[in-house]
Amino acid sequence: MDSFAATQARMADLDDRIRAAPSRFRVLTGERPTGRLHLGHYFGTLSERAVLQSRGVEVFLVLADYQVITDRDTLENVADNVGDIVLDYLAAGLDPLGTTIFPHSAVPSLHQLLLPFLSLVTEAELHRNPTVKAETAASGRALSGLMLTYPVHQAADILFCKGNLVPVGKDNLPHVELTRVVARRFNERFGPVFPEPEPLVTTSPEVPGVDGRKMSKSYGNAIALGMTEDETAAVIRRARTDGERRITFDPPRRPGVSALLTTISLCTATPPEMIADEIGDRGSAELKRRATDAVNARFAEHRRRRAELGADPEVVDSVLRSGIERAREIADRTLDEVREAMGMHYLRRP
Ligand code: TRP
């Protein structure tokens, strides 16, 4: 079996196990709050999280705010970004009662796990991580100590709550692999405390931005979930298409045109070739009009809910307050178990 087929088979098996016993799984996943969430997040991960939750799996979402400064100097707008992301989570259907949403900076015990974890990995292992290498190169900066140890920090994000299922994009697989190594070595050295979490690789297709490259805020090609209809229209209007009147789906040769077809396809669940045939000779202007209408229609309800929830600042506050409280309780308990396993309980129990 090639690796793609093997991954597909493993995912199908995992899916069966989740359906059979959802309560055996605890999902932990999240993101760095570097900006607003966009269509790439929605089709890539948000909808998947909502599905897992609807199957009865407990979901934890970490906003990895300390990790914002792995590849930049400042945390600019981090508080706004956190609030904005929470609104998108809620509008996408994540149930705040069943989901623990928290910025990890607010959970001190989680970070203390980093100390024993760091003792379990070598410098050479940290330097070999391909994603850390790629992200450092992309940042154009020297490798900071925080960037180098980022995957171990992510292990703390996952293991503090004994998360055993971690939905991630494939770029993030080396980090989940390292989390498994850390859990295994901890258990071998100090006694059984942690599960070895399984990655759940997102199977949805990569969402292209309006220029055909992967959708990313840093490329300036993203449609944010929270944009207005007019902002959406403006981004799509600026998309680089080409002068051929006849619209065809041909990603390698016509990246801009094909990206808009893919966007319409995702929003309307229609194959991109069929949309291209419908537009026929009516050219880019018609393609852009349809793309704008498709995005605005698909997200009208999401945006309406998001605006309604955002109108009362207490909504986000209370979601974060209860998320932080629950995450702290769990992190304190896990840290206690860790210190106990390590023989670091010095005071006699009353
Ligand atoms: N590293 C992830 C990203 O950049 C974000 C993240 C932090 C994460 N901690 C995590 C993802 C724990 C999954 C599990 O997208």
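Each ligand, and each atom within it, is numbered from 1 in the order the structure gives.
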What do we get for Val176 next to ligand 1 when only non-hydrogen atoms under 4.0 Å count, side chain, backbone, both or neither? neither

Should you measure from each heavy atom of Ala64, which atoms of ligand 1 turn up under 4.0 Å away? 7 (C)

Counting both backbone and side chain atoms, is some N or O of Tyr150 under 3.5 Å from an N or O of ligand 1? yes

Within a strict 4.5 Å, meaning less than it, do heavy atoms of the Leu173 and Val201 side chains meet? yes

Side chain, backbone, both or neither: which applies to Gln67 and ligand 1 if a contact is any heavy-atom pair less than 4.0 Å apart? side chain

For Asp157 and ligand 1, does the shortest N/O to N/O distance drop below 3.5 Å? yes

Please could you name the atoms of ligand 1 that Asn172 approaches to less than 4.0 Å, counting only its heavy atoms? 1 (N), 2 (C)

Could you list the atoms of ligand 1 found under 4.0 angstrom from a heavy atom of Thr29? 13 (C), 14 (C)

Evaluate His127 against Leu143 for side chain to side chain contact (heavy atoms under 4.5 Å, CB included), listing each step before the verdict. CA-CA 10 Å; His127 277 288; Leu143 175 63; 3.7 Å; yes

Taking the basic N atoms (NZ, or NE/NH1/NH2) and the acidic carboxylate oxygens, is any pair closer than 4.0 Å for Arg253 and Asp250? yes

Applying the side chain to side chain contact (heavy atoms under 4.5 Å, CB included) criterion to Arg32, which one of Asn81, Leu63, Ile69, Thr70 satisfies it? Thr70

Has the side chain of Thr100 got a donor or acceptor atom that lies under 3.5 Å from a matching backbone atom of Phe60? no

Consider only side-chain heavy atoms of I, L, V, M, F, W and Y, link residues closer than 4.5 Å, and tell whether Val181 and Val132 are in one cluster. no

Proximal candidate to atom 15 (O) of ligand 1 [heavy atom criterion; set Gly163, Gly30, Ala155, Pro199]: Gly30

Check: Glu278 and Arg290 side chains under 4.5 Å, non-hydrogen atoms: yes

Polar-atom distance check: Gln154 versus ligand 1, any N or O pair below 3.5 Å? yes

Element-labelled atoms of ligand 1 that are located less than 4.0 Å from some non-hydrogen atom of Glu31: 5 (C)

